[in-house]
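Contents: one structure, followed by commentary.
Within every chain, numbering begins at 1; the chains are lettered A, B, ... in the order of the sequence lines, protein sequences first and strands thereafter.
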Amino acid sequence: MSDAPSTRKIVEAILLLADEPVPATQMGEVLEVPRAEVEAVLRELAGTYEREDRGWVLRESAPGWRLYTDPDCAPWLERFVTGHRHARLTGASLEVLAIVAYKGPISRSEISEIRGVDSDGVVKTLLQRGLVEPSAAEGTAHLFEVSDEFLERMGLRSVDELPPLTDFMPDSEAVEDMEAKLSPNA
Amino acid sequence: MSDAPSTRKIVEAILLLADEPVPATQMGEVLEVPRAEVEAVLRELAGTYEREDRGWVLRESAPGWRLYTDPDCAPWLERFVTGHRHARLTGASLEVLAIVAYKGPISRSEISEIRGVDSDGVVKTLLQRGLVEPSAAEGTAHLFEVSDEFLERMGLRSVDELPPLTDFMPDSEAVEDMEAKLSPNA
Amino acid sequence: MAYEVKLEVFEGPIDLLLHLITRQRVDIYDVSLARITEEYLAAISDLDGADLETATGFLVVAATLLELKSARLLPGRGGDEEEAHLLEERDLLLARLVECSTFREAGAWLARGLEAGSAAHGRTAGLEERFVDLAPKVVLKTTPERLAALAATALAPRPEPEVDVSHLAPIRATVRDAILEVAGLLRGRGEPTGFRELCSGAPERIDVVVRFLALLELFKAGAVDLVQVDRFGDIRATWTGDADAEDVLAEADEYVIDLREAGR
């Protein structure tokens with residue numbers, strides 16, 4: 001054998017072997033290299049793949065780094081995608097998902113209260129889809145938060161990266177309109 | 001979307017996605033490009049990866065082309081694999097395992113139906129982990145049951161020793177209680 | 001009476017109300033209050049047969065509409081305090097509508113993100129043969145009991161929705177009862193009786209509403225004459241004897257509301 005392989009090379013090999021996002025720390029342990037150095041390599045690689053217009057992209061999300069096929073190629077890949085078709089979520093599921101993303105950790109009853117309708121069935125669906133999970137913190141198993149899988153699919157490192165909720169508020173005109181229609185003196 | 005992705009790019013995406021060797025003919029069909037052209041691209045890519053000392057190699061075997069981690073990286077990959085922190089079953093895996101334990105032999109689609117979500121990926125993981133296996137009985141290879149290894153690790157001799165499900169069914173008391181409250185004469 | 005409210009597109013009362021209000025399909029004050037009330041009552045008597053979640057959703061939105069409409073129909077009742085209370089309620093409802101709308105928009109944004117995310121497929125090929133045996137055994141931290149509980153939950157029918165009965169608990173008024181009650185009161189008198197007097201024993205606003213509805217039903221059937229001298233004055237009702245309460249009840253039974261139409 002010639003020289004030992006470079007950090008870059010081993011990082012690439014790990015990315016190819018992994019079947020889920022790998023934290024930079026874990027790669028650092030394997031390589032016996034500080035996490036910051038691994039992260040620099042990962043960012044460099046992500047840039048390289050993009051610049052060279054490879055068929056894959058390297059992305060970081062909450063759980064770690066992972067190789068994904070480039071979305072541009074999606075139409076050609078349908079045949080090779082095994083099983084994992086994500087069924088579309090209903091409006092109700094999306095609403096609850098948004099509530100959990102922005103208000104989590106949050107209990108079932110708080111969710112139901114916000115929506116004005118019992119939401120246990122929807123929460124169960126989201127749990128089964130793996131988008132929501134019981135809060136990991138001590139003594140909070142009755143509270144729910146979004147899962148790493150959700151963050152991975154959204155390409156987010158944490159819920160803090162979500163756009164501010166105020167971006168989604170109805171504009172003042174819409175609110176006034178609602179108010180006018182509700183007013184007893186209308 | 002800008003221009004259509006190049007043949008090279010799509011081929012790379014297919015290689016990243018595939019979990020077994022892919023014949024050049026098959027890629028040709030997907031891309032609507034002659035097999036010879038795909039093969040030229042594949043050979044070119046194999047050369048590029050080698051020249052650039054990437055963490056992977058592209059190899060052709062009898063069934064087709066596949067990306068493998070570079071053998072030079074094997075010692076680090078072994079460490080990565082042995083130190084795998086995530087060797088823990090997800091909630092979804094446990095749920096499928098429970099369904100297979102109680103309802104096996106059972107098909108993939110029945111599992112998905114019970115859970116209300118596509119479960120093929122989870123079944124695949126459980127198969128790889130040796131916790132679930134194809135049913136041994138004649139003509140039932142598409143059905144799954146829990147493996148002997150699973151039973152052994154649970155300290156059970158057979159699935160008949162699992163606790164009866166009826167003990168764990170949610171009680172109907174809550175429903176009756178609710179109806180009583182709703183009665184206008186309550 | 002057929003209970004035919006189908007709210008498939010709506011998820012609960014707030015959602016329905018938001019839909020009705022924002023799509024401008026319905027001025028909530030144009031929704032026939034009588035019909036809503038009848039439906040409301042029918043729903044209560046028919047609850048065990050209906051999809052509980054849908055029924056509850058309808059009941060709560062009906063209650064909300066009734067309250068708001070009753071406030072408008074009965075100006076001045078209860079004085080400033082009542083008015084202030086009503087405004088407060090309106091503001092709370094508005095706040096909930098805004099919140100609901102916000103999360104719905106956020107959900108739509110998440111849907112786009114998830115959709116975009118699903119165009120990128122993560123590498124899943126997993127371990128190459130030579131590494132498979134090195135992988136540590138998966139930790140199986142579970143017990144037969146835990147598995148049983150998981151299986152029971154997964155195999156059980158979807159959880160029954162819990163019903164928010166807070167809106168329903170104090171409401172025991174029905175238009176049918178009110179028709180009989182109001183008719184009974186008026187029949188005995190030869191002279192006009194003020195609506196306020198008819199409502200003197202009514203503890204809740206909803207009681208006032210159903211009595212008002214009952215009066216309208218009786219008027220429609222010709223059983224009573226109504227006189228209102230000035231716009232915000234008391235309504236005075238006189239028994240005519242041209243129809244009796246039973247006929248009115250028979251009419252009232254034919255109400256059917258179809259909110260699908262309202263939501264379209």
Side-chain angles (χ1 to χ4, degrees), chain A residues 1-20 22-23 25-27 29-32 45 48-49 52-57 63 67-87 124-125 127-130 133-134 147 149, chain B residues 1-6 8-19 22 26-27 29-32 45 48-49 52-56 67-81 83-86 90-92 95 108 112 115-125 128:
Chain A
M1 193 161 80
S2 57
D3 300 334
S6 65
T7 299
R8 196 234 344 118
K9 182 168 182 169
I10 298 171
V11 163
E12 283 193 323
I14 290 175
L15 289 170
L16 191 78
L17 198 63
D19 57 3
E20 59 179 14
V22 184
T25 340
Q26 197 186 347
M27 296 192 212
E29 282 163 19
V30 168
L31 282 150
E32 292 176 345
L45 279 175
T48 309
Y49 299 151
E52 294 181 352
D53 195 34
R54 318 266 21 144
W56 46 72
V57 291
L67 287 171
Y68 301 85
T69 58
D70 189 305
D72 292 350
C73 301
W76 287 270
L77 298 179
E78 272 161 30
R79 261 173 85 164
F80 299 95
V81 181
T82 52
H84 240 60
R85 277 250 141 254
H86 295 293
K124 188 187 170 195
T125 305
L127 282 165
Q128 285 181 338
R129 296 266 177 108
E133 59 189 17
S147 67
E149 188 183 330
Chain B
M1 194 159 66
S2 53
D3 302 333
S6 65
R8 195 235 344 117
K9 184 168 180 168
I10 298 171
V11 164
E12 283 194 323
I14 292 172
L15 289 171
L16 188 81
L17 193 59
D19 55 4
V22 184
Q26 201 184 347
M27 295 194 215
E29 282 165 20
V30 169
L31 283 151
E32 293 174 350
L45 279 175
T48 310
Y49 298 152
E52 293 180 354
D53 196 32
R54 318 265 26 144
W56 45 72
L67 287 171
Y68 297 88
T69 53
D70 190 308
D72 292 353
C73 299
W76 287 270
L77 294 177
E78 281 168 19
R79 263 160 67 182
F80 171 72
V81 171
H84 226 20
R85 77 195 156 102
H86 84 291
T90 61
E95 190 179 87
R108 275 197 178 92
S112 298
R115 301 184 65 230
V117 280
D118 182 276
S119 305
D120 290 3
V122 183
V123 173
K124 185 185 160 194
T125 308
Q128 279 179 346

Please classify the contact of B:V11 with chain A as side chain, backbone, both or neither, using a heavy-atom distance under 4.5 Å.
neither

Less than 4.5 Å apart, side chain to side chain, heavy atoms only: is that true for B:L45 and A:R54?
yes

What part of A:L127 is in contact with chain B, defined as an atom under 4.5 angstrom from a non-hydrogen atom: side chain, backbone, both or neither?
neither

With a 4.5 angstrom heavy-atom cut-off, which part of A:E29 approaches chain B: side chain, backbone, both or neither?
backbone

When B:D53, B:V22, B:L67 are compared by non-hydrogen pairs under 4.5 Å with chain A, the top option:
B:D53

Check the pair A:L16 / B:L16 against side-chain contact (heavy atoms from CB on, under 4.5 Å), numbers first and verdict last.
CA-CA 8 Å; A:L16 191 78; B:L16 188 81; 4.3 Å; yes

Proximal component of B:R8, with respect to chain A [non-hydrogen, under 4.5 Å]:
side chain

Once the angle between the rings of A:W56 and B:Y49 is folded into 0 to 90°, is it parallel (under 30°), tilted (30 to 60°) or perpendicular (over 60°)?
tilted

Considering all heavy atoms, the nearest A:W76-B:V30 contact:
O-CG1, 3.1 Å

Closest non-hydrogen contact found for B:D70 with B:D72 is OD1-N, 2.8 Å

Most contact-rich option vs chain A, by heavy-atom pairs under 4.5 angstrom, among B:R108, B:M27, B:E52, is B:E52

